[in-house]
Peer 1: 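Here you go, one structure.
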Amino acid sequence: MALYHFCVKQIKRSAGQSAIAAAAYRAGEKLYSDYYGEYSDYTRKGGVIYSEIILPPHAPPEYRDRETLWNAVEHAERHKKAQLAYSFDIALQNELTMEENIDLARKFVQRNFVDKGMIADLAIHQPDKGDGGIPNPHFHVLTTMRPINPDGTWGQKQKREYLVDENGDPVLDSSGKPRFNAVATTDWHCPETLEAWRKAWCEMVNGALERKGLNVRIDHRSYERQGINLIPTIHEGPTARQMEAKGVKTDKGELNRWIKATNLLIHDVTKKIKSLFSWLSEVREELSKPQTPNLVDLLTDYYVKRSSGAYSQKGKVGNLKKMTEVINYLRDNDLLTVEELESRLSALDASFESLKDSMKAKSKRMEQLRELIRSAEIYYRLKPIHNELDGIKWKKQREKFKSNHDSELRQFYAVRRVLREELGDKPINVKAWQRECNDLKTEYAGLREQYKPLKEDLAKLRQVQYQVSRVINDREPKQQTQYKGVIER
């Protein structure tokens, strides 16, 4: 089944990240960082089947060397919290061969990034699926954030536009300095550009699938924008996938299983509700005409005629029993007219939408809580290492300690940033998060149980639909013409 995944992030020093480390990981190489004075070695990483640096015509040719390129980027960015690169993670398609996927990825990168002035570092990954699971081919792209000047030097991300008054004189701030607006030199950061990239990849993939004569397609729009009433699954990541492949259940895996089961239920109920509304619309138009009998009259007339034509007493009794069951259901639920039946379906639909929204909100909150709990556990586990680093005063000893604990420190800085962004000045409270998560699980399970009576009601309403269609089919030809839409159903 074709799938769409297109994720864009920034590589930032403020998050403890390094452009050299990011490039080494994606390409599966060992690279030296002049900025940090250390190596990032990912030569043992598997699954990297292709990598390439693609340059615009005016870029220095020495930037085809990965270490040279990203050290130059690190050198150009002076600020300790600088944004270094854009990082793209994009899914490839199992319906295409790897050669076709690589060609598609290269063309996309060339047209959308390199032709616009970016330098792009492309890496194709195909992790080994020795467990027999579904293959997960994808590609990573690291792109520069600064434009390249015609002479091959780095350009500016922003430029200043100074403000002037109606007389053309500079507008000054409180300290007497000219005021200005910072204006981006490219549109690479704009939401509209991201939307254009996402759409362009979708169109390229769908074109390739169409050329192969395949009837599957992908869509860059969210479920909500597509008008699809489904809950999106969450991204599990390689660690969770590896644990699941080994038979170890994870919180993310459990949540995705809940979401998939709920989506199946949502799809089934939505399909039935749409079918009933379509049928009701047709029946309502016909039954609203003058002298049109109500539902009970239609069913009574049909079953009386059917019983009178039965050959045996058993057949007559069976027909009357069916008529009694259906009419009793209608009367017990005050569904004696098409309008009342439609009103009942509208109420069920509103209840269904409310349940779906509530389940979405609880699923999202459970995901947030699990991420906070995971970050807190990592934070407390790695904080002693960070504290030990702060206690080292000698530069060489400090650098050696940082080198020996590079991955732990990077992970610590990353989760500390997550916790600060989520909590602000609030304290870490893992027990409270766990209690809230458990309460949400219970509430979520209770909401799923509410779907059962809804499905039972829909089944009975479908029975009414079927019986009314049988009634209309037994009418005179002139009357059948009035109910043509219902008969064809």
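Just so it is clear, the values below take in all heavy atoms, side chains as well, and ignore hydrogens, waters and symmetry mates. A quick note: this is a predicted structure, and the numbers were derived from the prediction, not measured.
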Peer 1: Within a strict 4.5 Å, meaning less than it, do heavy atoms of the I102 and F139 side chains meet?
Peer 2: no
Peer 1: Would D103 and K107 pass as an ion pair if we require N to O under 4.0 Å?
Peer 2: yes
Peer 1: Taking A22's backbone N and O only, do any of them form a donor-acceptor pair with R26's side chain (distance below 3.5 Å, no angle check)?
Peer 2: yes
Peer 1: Return yes when atom CD of E210 has more than 12 non-hydrogen atoms of other residues, nucleotides or ligands closer than 6.0 Å, and no otherwise.
Peer 2: no
Peer 1: Got E100 and K212 here, is their nearest side-chain heavy-atom distance under 4.5 Å?
Peer 2: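 Contact flag for E100/K212 side chains = yes.
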Peer 1: Around atom CZ of R179, are there more than 12 heavy atoms from other residues, nucleotides or ligands closer than 6.0 Å?
Peer 2: no
Peer 1: Measuring only between side-chain heavy atoms, which start at C-beta, is D34 closer than 4.5 Å to H75?
Peer 2: no
Peer 1: Could you tell me which non-hydrogen atom of L31 sits nearest to which non-hydrogen atom of E29, and how far apart they are?
Peer 2: CD2-OE1, 3.7 Å
Peer 1: Report yes if some heavy atom in the side chain of E77 is under 4.5 Å from a heavy atom in the side chain of Y35; otherwise report no.
Peer 2: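 Counting from C-beta outward, E77 and Y35 never come under 4.5 Å.
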Peer 1: Any side-chain heavy atom of K364 sitting closer than 4.5 Å to one from K360?
Peer 2: no
Peer 1: Specify the closest pair of heavy atoms between R66 and I53, including all atoms of both residues, with the distance to one decimal.
Peer 2: CA-CD1, 3.4 Å
Peer 1: Under 3.5 Å, is there a donor-acceptor pair between the side chain of S87 and the main chain of I11?
Peer 2: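 Checking the backbone N and O of I11 against the side chain of S87, no donor-acceptor pair under 3.5 Å is found.
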Peer 1: Ignoring hydrogens and angles, tell me if any N or O in the side chain of E74 forms a donor-acceptor pair with the backbone of S18 under 3.5 Å.
Peer 2: no
Peer 1: Does NZ or CZ of R106 lie under 6.0 Å from the centre of the six-membered ring of Y50, at an angle within 45° of the ring axis?
Peer 2: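 Judged by the rule, R106 and Y50 form no cation-pi pair.
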Peer 1: Please determine if E408 and R381 form a salt bridge, counting it only when a charged side-chain N lies under 4.0 Å from a carboxylate O.
Peer 2: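 No.
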Peer 1: How far apart are the closest heavy atoms of G37 and Y32, and which atoms are they?
Peer 2: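 Between these two residues, the closest heavy atoms are CA-OH, 3.3 Å.
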Peer 1: Any non-hydrogen side-chain atom of L142 less than 4.5 Å from a side-chain atom of W70?
Peer 2: yes
Peer 1: Please check if atom NZ in K157 has more than 12 non-hydrogen atoms from other residues, nucleotides or ligands closer than 6.0 Å.
Peer 2: yes
Peer 1: Using the salt bridge (charged side-chain N to carboxylate O under 4.0 Å, His left out) rule, pick out the option among R410, K402, K30 that qualifies with E38.
Peer 2: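 In the set R410, K402, K30, the residue that makes a salt bridge (charged side-chain N to carboxylate O under 4.0 Å, His left out) with E38 is R410.
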Peer 1: Is the backbone of V183 close enough, under 3.5 Å, to the side chain of N181 for a donor and an acceptor to pair up by distance?
Peer 2: no
Peer 1: Are the side chain of R198 and the backbone of F6 linked by a donor-acceptor contact shorter than 3.5 Å?
Peer 2: yes
Peer 1: Just so I know, are the side chains of S40 and Y25 near enough to count as touching, which here means a heavy-atom distance under 4.5 Å?
Peer 2: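 Side chain of S40 against side chain of Y25, heavy atoms only: no contact under 4.5 Å found.
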Peer 1: Is there a side-chain contact between Y86 and H189 in this structure, where contact means two heavy atoms from C-beta onward sitting under 4.5 Å apart?
Peer 2: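 Heavy-atom side-chain distance check passes, below 4.5 Å.
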Peer 1: Flag the pair W188 / F113 as yes when their ring centroid distance falls below 6.0 Å, and as no otherwise.
Peer 2: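 Between W188 and F113, the centre distance exceeds or equals 6.0 Å.
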Peer 1: For C437 and L369, work out which heavy atoms get closest and say how close.
Peer 2: N-CD1, 3.7 Å
Peer 1: Show the nearest heavy-atom pair for residues C202 and I218, with the distance to one decimal.
Peer 2: SG-O, 3.2 Å
Peer 1: CD of E436 to NZ of K362: how many Å apart, nearest 0.5 Å?
Peer 2: 9.5 Å
